[in-house]
Amino acid sequence: MTKPSDRPGYVAREGFNLLHIIFTILAGLSLLAALGVLTWDAWSWLSGRGTGFTLFDAVLQWLLGSPPPASEMGLGLKALAILSLLPLGPLLAALAWIFYKIGNGFERLG
């Protein structure tokens with residue numbers, strides 16, 4: 001049985017462990033998505049359907065629709081427009097690495 005003074009530390013450790021699990025799952029899903037996109041791009045190239053990479057712009061247009069005119073964009077949307085020029089596969093792989101590092105940080109805290 002734990003002492004009442006140990007209860008907050010136990011709850012904090014379990015919370016950090018839960019966050020570690022969540023970010024590790026997000027890293028795995030991002031890595032699987034990156035591998036799927038890169039496989040799709042390779043298959044498209046090998047089958048002769050196209051030679052370009054799938055851009056992040058395709059996902060943004062699917063989720064948010066077409067972008068507003070540049071004169072109406074704020075700083076956040078302009079940064080998102082710059083990110084939209086990146087290929088989706090490597091961007092998802094980088095996101096997986098970031099999620100993995102965040103998850104490891106929570107594991108060390110727990």
Asn104: side-chain contact (heavy atoms from CB on, under 4.5 Å) partners, not counting sequence neighbours = His20, Tyr100, Glu107

Is atom CG of Leu63 surrounded by more than 12 heavy atoms (other residues, nucleotides or ligands) closer than 6.0 Å?
-> yes

Listed partners of Arg108 passing side-chain hydrogen bond (donor to acceptor under 3.5 Å, both in side chains), at least two apart | none

Does Leu64 have any side-chain contact (heavy atoms from CB on, under 4.5 Å) partners at least two apart in sequence or in another chain, and if so, which?
-> Leu60, Leu80

List, by chain and then residue number, the residues other than Ile82 in its hydrophobic cluster (Ile/Leu/Val/Met/Phe/Trp/Tyr, side-chain heavy atoms under 4.5 Å); write none if there are no others.
-> none

Compare every heavy atom of Pro68 with every heavy atom of Met73, then report the nearest pair and how far apart it is.
-> CE-O, 3.5 Å

Do the side chains of Leu55 and Leu83 join up, straight or via other hydrophobic residues, at under 4.5 Å, putting them in one cluster?
-> no

Give every donor-acceptor pair under 3.5 Å between a side-chain atom in residues 85-92 and any protein atom, sequence neighbours left out.
none

Do you reckon Leu95 sits in the same ILVMFWY cluster as Leu19, going by side-chain contacts under 4.5 Å, direct or chained?
-> yes

What residues form a side-chain hydrogen bond (donor to acceptor under 3.5 Å, both in side chains) with Asp57, not counting sequence neighbours?
-> Gln61

Could you tell me which residues satisfy side-chain contact (heavy atoms from CB on, under 4.5 Å) with Ile25, sequence neighbours excluded, listed by chain and number?
-> Ile21, Leu29

Which value, rounded to the nearest 0.5 Å, describes the distance between Lys101 atom NZ and Ile98 atom CD1?
-> 11.5 Å

Got a sec, which residues hit side-chain hydrogen bond (donor to acceptor under 3.5 Å, both in side chains) with Ser71, two or more places apart in sequence or on another chain?
-> none

Which ILVMFWY residues can you reach from Trp45 by hopping between side chains whose heavy atoms are under 4.5 Å apart?
-> Leu46

Mind listing the side-chain donor-acceptor pairs of residues 31-44 below 3.5 Å, one per line with the distance, residues two or more places apart or on another chain?
unit_1: Thr39; atom_1: OG1; unit_2: Leu35; atom_2: O; d: 2.6
unit_1: Asp41; atom_1: OD1; unit_2: Thr54; atom_2: N; d: 3.3
unit_1: Asp41; atom_1: OD1; unit_2: Thr54; atom_2: OG1; d: 2.6
unit_1: Asp41; atom_1: OD2; unit_2: Thr54; atom_2: N; d: 3.3
unit_1: Ser44; atom_1: OG; unit_2: Trp40; atom_2: O; d: 3.0

Return the set of residues passing ring-ring contact (aromatic ring centres under 6.0 Å, His included) with Phe99 (not counting sequence neighbours), or none when no residue passes.
-> Phe23

